Amino acid sequence: MRILVAGATGSIGLHVVNTAIKMGHQPVALVRNKRKVKLLPRETDIFYGDVSLPETLTELPKDIDAIIFTLGSDGQGRIGARAIDYGGVRNILRIFKNTPVRIGLMTTIGVTERLSTWNQRTEVHDWKRRAERLVRASGHPYTIVRPGWFDYNNNDEHRIVMLQGDRRHAGTPEDGVVSREQIAQVLVCALTSDEAKNKTFELVAEQGEAQQDLTLLFADLQTDNPEKNDGVLDLNNMPFSEEPECIINELNLFSKHVKSI
C-alpha cells in the first residue's frame with residue numbers, strides 16, 4: 001500500500017514510517033518542518049505541507065491507498081487542539097473525500113473523559129473525539145486506535161490488549177501503557193486487516209510476550225454502530241445535538257446520514 005503518514009516526524013509517526021517499510025508498504029511522509037526530513041528513512045517519499053493550512057495540501061498525491069494520522073498538538077492548548085488534532089484530520093479528509101482510502105487514526109486513551117482539569121483547559125480530548133467522528137462519518141473504512149501512555153511499560157509488559165468503551169479515566173499511566181513501536185505496529189497492521197475495519201479501541205500492553213499475529217485480537221472487537229458516531233461502547237457524554245453549529249455543519253459535509261445521539 002502507498003500510505004500517507006500525517007505526523008510522520010513525530011515520535012509515533014517515525015515508528016509508523018519504519019514499520020510500514022518493514023511490512024513492504026511505501027510511506028509518503030507529510031512534513032511541515034524541512035529540518036526533520038533527515039530523521040526519515042531514505043525509502044520515504046516526502047510531501048511538504050502543514051495540516052493546519054489547507055492551502056498547503058491541495059497538491060497532495062492522489063495515488064494514496066491509506067492514511068495514518070498520528071497528529072498531536074503537543075501542548076498548544078485549545079487553539080492547537082482545534083487546528084491540529086481536529087483541523088488536521090478534517091483538512092486531509094477533505095482532500096480525499098472522493099478517493100477510496102483506508103484510514104488509521106490515533107487519538108488517546110481517555111478521549112471520552114471531559115471533566116478533568118486538563119481537558120477543561122485545553123479541550124484536547126473533545127477535539128480528538130470530534131476528529132474520530134469525522135473519520136467515522138467520512139464513509140472510508142477505518143480503524144481508530146486510542147493508545148495508553150507511551151513507553152511507560154516495563155520490560156515484561158508486551159502482551160497487546162485491546163479494550164473498548166474507554167472507561168479508564170485516571171489520567172495517569174494507571175490507565176494503561178504501551179510502547180510506541182507497538183502502537184505503530186497496530187496502526188499499520190490494521191490497514192490490511194478485514195477484522196479491524198470500522199472498529200475503535202483502546203490499546204495497552206500488559207505482562208506477557210508480544211503477539212505477532214493481531215488478527216484474533218481485532219476479530220474479538222465489536223464493530224462501531226453505523227447509526228451512531230462514537231465508539232461502539234462509548235459514554236454518551238458529548239451529544240451530537242449539543243455540539244457547536246459549525247462542528248455539526250462540518251460533520252454533515254462528510255455525511256448526510258449522521259444522526260443525533
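Owing to the predicted nature of the structure, the values given are computational and were not obtained by experimental measurement.
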Quiz item: How are the rings of Trp127 and Tyr86 set to each other: parallel, tilted or perpendicular (split at 30° and 60°)?
Solution: tilted

Practice problem: Work out which heavy atom in Ala170 is nearest to a heavy atom in Asp175; give both atom names and the distance. | Solution: N-OD1, 2.7 Å

Quiz item: Under 3.5 Å, is there a donor-acceptor pair linking the side chains of Thr112 and Asp234?
Solution: no

Quiz item: Is it true that Glu250 and Arg90 make a salt bridge, defined as a side-chain N closer than 4.0 Å to a carboxylate O?
Solution: yes

Quiz item: Side chains of Asn153 and Ser179: is there a donor and an acceptor less than 3.5 Å apart?
Solution: no

Quiz item: Shared ILVMFWY cluster between Val89 and Val101, side chains joined below 4.5 angstrom?
Solution: yes

Practice problem: Taking the side chain as every heavy atom from C-beta outward, state whether Arg2 and Asp45 have any pair of such atoms under 4.5 Å apart. | Solution: yes

Practice problem: Kindly indicate whether the side chain of Val204, heavy atoms from C-beta on, has any atom under 4.5 Å from the side chain of Arg168. | Solution: yes

Quiz item: Are Lys128 and Glu132 within salt-bridge range, i.e. N to O under 4.0 Å?
Solution: no

Quiz item: Are Val188 and Ile64 connected in a single hydrophobic cluster, I mean Ile/Leu/Val/Met/Phe/Trp/Tyr linked by side-chain heavy atoms less than 4.5 Å apart?
Solution: no

Exercise. Run through Asn229, Asn198, Asp224 and flag the one making a side chain to side chain donor-acceptor pair (under 3.5 Å) with Arg136.
Key: Asp224

Quiz item: Would a 4.5 Å heavy-atom cut-off, applied to side chains only, mark Val16 and Ile3 as touching?
Solution: no

Practice problem: With rounding to the nearest 0.5 Å, note down the distance linking CG in Asp126 to CG in Asp85. | Solution: 11.0 Å

Practice problem: Supply the atom-to-atom distance Met162 CE to Asp220 CG, rounded to the nearest 0.5 angstrom. | Solution: 9.5 Å

Quiz item: Out of curiosity, Leu30 CG to Leu60 CG, how far, rounded to the nearest 0.5 Å?
Solution: 6.0 Å

Quiz item: Do Phe47 and Leu4 touch side chain to side chain, with heavy atoms closer than 4.5 Å?
Solution: no

Quiz prompt | Note, Cys189 side chain near Met23 side chain (heavy atom, < 4.5 Å) | solution = yes

Quiz item: Within a strict 4.5 Å, meaning less than it, do heavy atoms of the Leu40 and Val31 side chains meet?
Solution: yes

Practice problem: State whether Tyr48 and Lys34 meet the cation-pi test: NZ (Lys) or CZ (Arg) under 6.0 Å from the six-membered ring centroid, and within 45° of the perpendicular axis. | Solution: yes

Practice problem: Could you state whether Leu105 and Val5 fall into the same hydrophobic cluster, counting links through intermediate Ile, Leu, Val, Met, Phe, Trp or Tyr residues with side-chain heavy atoms under 4.5 angstrom apart? | Solution: no

Practice problem: Take atom NZ of Lys38 as the centre, draw a 6.0 Å sphere, and report whether it contains more than 12 heavy atoms from other residues, nucleotides or ligands. | Solution: no

Self-check item: Lys/Arg-Asp/Glu bridge criterion (N-O < 4.0 Å) met for Asp230, Arg129
Solution: yes

